[in-house]
**Student:** 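Handing you this structure, nothing more for now.
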Amino acid sequence: MSRLSGLPYPGMARQQYDAVDGIVAQWNAVRPDIDSSPIAIVGRVSRLSRLIDRRLAVSFARFDLEDWMYDVMATLRRSGAPYQLNAGDLMRQSMVTTGAITNRIDRLEQRGLVERAASSDRRKVIVRLTKLGLDTVDSVVGAHLDTEREILGSLSPRQQGDFANLLRTLLVDLGDHSPVAGT
């Protein structure tokens with residue numbers, strides 16, 4: 001706590017209220033016998049997700065992309081040269097179903113952004129970024145990260161670090177572990 005303001009972070013703005021405060025207040029008024037405090041976090045995370053998705057959609061639209069397109073291409077790009085993964089690894093890292101990843105690969109392939117490659121194991125499909133896909137993801141990543149920085153702009157670097165650590169704690173507790181060893 002800051003000794004000057006009584007607030008947890010120096011320079012933090014005075015309390016403002018959001019829609020979730022109203023929801024919690026309504027529950028407290030009609031059901032004072034229940035603890036509605038989880039809504040203060042879960043409700044905010046849910047609302048943040050929707051608001052962030054909307055903001056990112058606007059950013060991706062400037063590149064004629066949707067968020068899922070970027071997600072698949074960025075996953076392949078992060079894998080390193082030759083920017084390919086088998087479909088199963090791509091599915092796990094994207095956290096979607098087999099049917100969804102197949103549909104996404106098909107649609108990206110139609111746009112010339114990815115291609116399927118032969119594997120020594122005929123049961124496995126290798127998905128690889130094309131030159132166009134690599135150029136596209138490399139041209140989008142900077143703008144995407146700028147948009148994410150803008151979204152987080154009201155938080156200080158210390159607040160961002162604390163928030164990231166708290167979210168990681170919840171994610172790991174709910175079973176969200178890195179599919180890549182050592183990361």
Side-chain angles (χ1 to χ4, degrees), residues 19 42-155 157 159-161 163-183:
V42 176
R44 284 187 174 96
V45 169
S46 177
R47 292 177 74 86
L48 270 172
S49 177
R50 285 192 298 273
L51 292 169
I52 289 169
D53 285 348
R54 285 185 205 148
R55 183 74 82 64
L56 293 177
V58 169
S59 178
F60 290 134
R62 295 184 327 210
F63 298 93
D64 194 29
L65 295 176
E66 295 179 44
D67 61 345
W68 65 266
M69 295 172 165
Y70 177 79
D71 181 45
V72 171
M73 291 190 302
T75 300
L76 292 168
R77 178 67 170 100
R78 289 191 317 266
S79 72
Y83 316 114
Q84 67 183 27
L85 291 169
N86 69 52
D89 287 340
L90 186 57
M91 179 186 70
R92 281 184 288 283
Q93 291 186 39
S94 300
M95 296 188 311
V96 296
T97 65
T98 303
I101 201 67
T102 299
N103 180 272
R104 290 174 181 193
I105 294 166
D106 288 346
R107 291 175 62 190
L108 288 168
E109 192 173 35
Q110 289 168 1
R111 291 182 65 165
L113 299 168
V114 302
E115 62 187 5
R116 287 178 170 90
S119 167
S120 57
D121 181 347
R122 292 181 53 197
R123 295 169 296 172
K124 290 187 177 181
V125 174
I126 301 295
V127 181
R128 162 185 315 140
L129 280 177
T130 62
K131 172 81 167 95
L132 176 60
L134 179 62
D135 291 346
T136 300
V137 73
D138 281 346
S139 70
V140 174
V141 67
H144 172 64
L145 292 172
D146 286 345
T147 300
E148 288 186 344
R149 271 187 279 283
E150 289 172 16
I151 289 168
L152 299 171
S154 63
L155 300 177
Q159 288 172 316
Q160 290 180 35
F163 191 43
N165 288 330
L166 292 167
L167 290 172
R168 180 183 307 106
T169 298
L170 285 172
L171 285 167
V172 169
D173 188 57
L174 293 172
D176 187 37
H177 302 279
S178 175
V180 181
T183 61

**Student:** Evaluate Leu56 against Ile151 for side-chain contact (heavy atoms from CB on, under 4.5 Å), listing each step before the verdict.
**Tutor:** CA-CA 9 Å; Leu56 293 177; Ile151 289 168; 4.2 Å; yes
**Student:** Please assess Arg116 against Ile126 for the test side-chain contact (heavy atoms from CB on, under 4.5 Å), listing each intermediate value before the final yes or no.
**Tutor:** CA-CA 6 Å; Arg116 287 178 170 90; Ile126 301 295; over 6 Å; no
**Student:** Quick one: does Thr147's side chain have a donor or acceptor within less than 3.5 Å of a partner on Ala143's backbone?
**Tutor:** yes
**Student:** When rounded to the nearest 0.5 angstrom, what distance separates CG in Leu171 from CG in Asp176?
**Tutor:** 5.0 Å
**Student:** For the atom pair CD (Gln159) and CG (Leu152), what is the distance rounded to the nearest 0.5 Å?
**Tutor:** 11.0 Å
**Student:** Measuring from Leu76:CG to Leu129:CG, what's the distance to the nearest 0.5 Å?
**Tutor:** 4.5 Å
**Student:** Hey, could you give me the CE/CG distance between Met73 and Leu132, rounded to the nearest 0.5 Å?
**Tutor:**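 It is 8.5 Å, given to the nearest 0.5 Å.
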**Student:** Calculate, to the nearest 0.5 Å, the distance between atoms OG and NE2 belonging to Ser139 and His144 respectively.
**Tutor:**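 So the gap between those two atoms works out to 13.0 Å.
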**Student:** Identify every side-chain donor-acceptor pair in residues 61-70 under 3.5 Å, counting partners at least two apart or on other chains, and give the distances.
**Tutor:**
unit_1	atom_1	unit_2	atom_2	d
Asp64	OD2	Arg111	NH2	3.3
Glu66	OE1	Trp68	NE1	3.1

**Student:** I'd like to check the side-chain hydrogen bond (donor to acceptor under 3.5 Å, both in side chains) partners of Ser46; sequence neighbours left out, ordered by chain and number.
**Tutor:**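 Here the qualifying residues are Arg50.
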**Student:** Evaluate Val72 against Leu90 for side-chain contact (heavy atoms from CB on, under 4.5 Å), listing each step before the verdict.
**Tutor:** CA-CA 7 Å; Val72 171; Leu90 186 57; 4.0 Å; yes
**Student:** Do Asp106 and Thr102 have side chains that get closer than 4.5 Å, going by heavy atoms?
**Tutor:** yes
**Student:** About how many Å separate CD1 of Ile105 and CE of Met91, when rounded to the nearest 0.5 Å?
**Tutor:**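 So the gap between those two atoms works out to 10.0 Å.
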**Student:** Got a sec, which pairs hit side chain to side chain donor-acceptor pair (under 3.5 Å) with one end in residues 74-87, sequence neighbours left out?
**Tutor:** Thr75-Arg78, Arg77-Tyr83, Arg77-Asp138, Gln84-Arg128, Asn86-Asp89
**Student:** For Asp173, check side-chain hydrogen bond (donor to acceptor under 3.5 Å, both in side chains) against everything at least two apart and list the hits.
**Tutor:**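 Not a single residue meets the side-chain hydrogen bond (donor to acceptor under 3.5 Å, both in side chains) criterion with Asp173.
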**Student:** Taking side-chain contact (heavy atoms from CB on, under 4.5 Å) as the definition, give me every residue that meets it alongside Glu150, ordered by chain and number, with sequence neighbours left out.
**Tutor:**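 With neighbours one apart ignored, the set is Arg55.
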**Student:** I'd like to check the side-chain hydrogen bond (donor to acceptor under 3.5 Å, both in side chains) partners of Arg149; sequence neighbours left out, ordered by chain and number.
**Tutor:**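 Only Asp146 meet the side-chain hydrogen bond (donor to acceptor under 3.5 Å, both in side chains) criterion with Arg149.
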**Student:** Would you say that Lys131 contacts Asp135 through its side chain, given a criterion of any heavy-atom pair below 4.5 Å between the two side chains?
**Tutor:**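 Counting from C-beta outward, Lys131 and Asp135 do come under 4.5 Å.
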**Student:** Could you list the residues that satisfy side-chain contact (heavy atoms from CB on, under 4.5 Å) with Ala57, not counting sequence neighbours?
**Tutor:** none
